[in-house]
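Quick notes on the structure that follows.
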Amino acid sequence: MSDALEVFDRRESEVRGYVRAFPVVFDRAVGSTLVGEDGREYLDFFAGAGVLNYGHNNPLFTRALVEYLERDGIIHGLDMATSAKKAFIEAFERLVLEPRGLDHKLQFTGPTGANAVEAALKVARQATGRTNVIAFTNAFHGLSIGALAATGNSHYRGAAGITLDNITRLPYDGYLGADVDTLDLLEKMLDDPGSGVDLPSAVIVEAVQGEGGINVASAAWLQRLRAITAERGILLILDEIQAGVGRTGAFFAFEESGIVPDIVTVSKSISGSGLPMSLVLLRPEVDVWKPGAHTGTFRGNNLAFVSARAALENYWADTALVDGVAAKSALLRGELEQIAAENPELGFVVRGRGLMYGLACDADRGLAARISKQAFTRGLVIETSGAHDEVLKFLPALTISEDELLKGLAIVRESLAAALAE
Ligand SMILES: Cc1ncc(COP(=O)(O)O)c(C=O)c1O
C-alpha cells in the first residue's frame, strides 16, 4: 500500500472494494482518462460500473451544470415540481418514450439502482396482490434486502443477516447450455400445481447481465418470456440499470427484442454526469401507488435532472452515438475473438453486445483478476465480473475514441501475456 492510501486503510471500513483493486488516489478525469493525484494517467474501461456512458466530465454537461448553479437553480427538490425536473420529463417523453411508442409513467425514486428495484418490486406486488417474484441465476439487482433477495451471488447474499424471501430462482437464458431453452422449465413450473412455485407477481430480468458475467438473453428468449408472463397476468420487470442508456447499442437493452415491459428500472448513466438518479417506468395500469406511499428524501436531485436532459438532447436526438457504438462494438468484438483464437488452450468465451463485453475463462478462473491487476500497472482500469470473477469485463464509455479502444486492447494483450507468465 502506498502512503497516499494510508488514511483509507486506517479509517475506512473493511467493506471498501474497488480501492483495493485500483489502489490509487484519483483526482481528475475527462472522457476516458482518469488522472491520479501523482499525475499518472489511466485509461478507463470501467466507466464507473456503467455510470459514465458519456465519459467523465463531459463538457456538454459540465457547461449545463455550471450555468444552472450560477443562476441559483434549485438543487434539492424532494418531489416538488421544478423547472429542471419539468424539462427532464419533457425531454425523456420526446426523445425516449414517444419514439419507442412507450406510454409508461415516470416514478422518481431514491438515487441508487437498488432504490429503483425496491420500488419496482413493491409496486408489482401491490398491483397483483401476490408476493412471489421470479428472478434468474446470476442476476444482480442491488444489495438492499428486497433487491438482494433477487440477486443471485452468494457472496452478497451471505451478508444479508436475515433470510431472503419471496423470490423463486430459475435458470437464465443459456444457463443449461446453448441447446436448452430454460423457459420450458419456467412455463412448466407455472402451469403445474405440483411445482411448488407460487404464481408470481412479477418476473425480474436483465436483458444483458452485467455483474453476473455478461450473459446475453436472446431476443427470442425475451419474446417468449414476455408472452409467458402476459398470458398469465405476471408483470415483467426489465432491470436496465446497467445495460440501459445506450450501453448495448439501443437506448434500452430490451429494444432489440421488440418487447414492451410492464416496469423498467433505470439508473447509473441516466444522469449522464455521474450524479445519482434513478427512475422506474410504469405502464399506466401498473401505477397503483397511493400519493406519497413510497417516498425518499433524495428523489429530486435537480443537478442530475439538468445533466440528464443535456445527455438526452445531445446524444439521443440523432443516431450519431448509436452508430458510433455499433462501429466500436464490431471492433471490440473482433479483437476479443482474435485474442480467444490466439489462445485456444484457455477456452475463452466472448460474450456481449454494444460496448458491454466479457472475456470469460472457465479453465482458469483466476486469470481475469490477474489480467485486471496487470492492466492496472500498465495504466488501464478494467474490472471483472461473474460468480467466480472469471470474466474480464469491457465497459468503456460509449464516447471512447477508436484509438483509445485499440490502445486499451493492446494493454489487455500485454497483460494477458504477463498474467500467463506469472
Ligand atoms: C442490473 C443492476 N441492477 C441494480 C443495480 C444496483 O444499483 P446500485 O448499486 O446503484 O444500487 C446494479 C448495480 O450494479 C445493476 O447492475
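Since the model is a prediction, treat every value here as computed from it, not as a measurement. Read the numbers this way: they start at 1 and go in the same order the structure lists the ligands and their atoms.
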Side chains of Thr182 and Trp221, donor plus acceptor under 3.5 Å: yes
Judging by distance only, is a nitrogen or oxygen of Ser267 under 3.5 angstrom from one on ligand 1? no
Using a strict cut-off of 4.0 Å, indicate which atoms of ligand 1 neighbour a heavy atom of Asp239. 1 (C), 2 (C), 3 (N), 4 (C)
Please list the nearest protein heavy atom to atom 2 (C) of ligand 1 with its residue and the distance rounded to 0.1 Å. Phe140 O, 3.2 Å
Flag for Arg351-Tyr357: side-chain donor and acceptor within less than 3.5 Å: no
Please classify the Gln209 to ligand 1 contact at 4.0 Å (heavy-atom distances, strictly less than): side chain, backbone, both or neither. neither
Close-contact set for ligand 1 against Glu206 heavy atoms, below 4.0 Å: 1 (C)
Please report the C-alpha distance between Glu383 and Phe45 in whole Å, then the side-chain angles of each, then the deciding distance to 0.1 Å, and finally whether the side-chain contact (heavy atoms from CB on, under 4.5 Å) criterion is met. CA-CA 8 Å; Glu383 74 159 334; Phe45 269 21; over 6 Å; no
Could Lys393 and Phe46 be counted as a cation-pi pair, given that NZ or CZ must be under 6.0 Å from the ring centre and within 45° of the axis? no
Does the side chain of Ser269 come under 3.5 Å of the side chain of Asn53 through a donor N or O and an acceptor N or O? yes
Tell me whether the centres of the aromatic rings in Tyr42 and Phe22 are closer together than 6.0 Å. no
Please state which protein non-hydrogen atom is closest to atom 14 (O) of ligand 1 and give its distance, to 0.1 Å? Lys268 NZ, 2.9 Å
Closest to atom 8 (P) of ligand 1 among protein heavy atoms sits Gly113 N, 3.5 Å
Do any heavy atoms of Glu240 fall under 4.0 Å from ligand 1? no
Hey, which atoms in ligand 1 end up nearer than 4.0 Å to a heavy atom of Thr112? 10 (O), 11 (O)
Closest protein heavy atom to atom 11 (O) of ligand 1, given as residue, atom name and distance to 0.1 Å: Ala114 N, 2.8 Å
What's the shortest heavy-atom distance between Arg125 and Thr131, and which atoms? NE-O, 2.7 Å
Which heavy atom of the protein is the closest neighbour of atom 16 (O) of ligand 1, given with residue, atom name and distance? Gln242 NE2, 2.8 Å
Could you check atom 6 (C) of ligand 1 against the protein and tell me its nearest heavy-atom contact, residue, atom and distance included? Gly142 CA, 3.6 Å
Could you verify whether a donor N or O on one side chain and an acceptor N or O on the other, from Thr62 and Asn57, lie under 3.5 Å apart? no
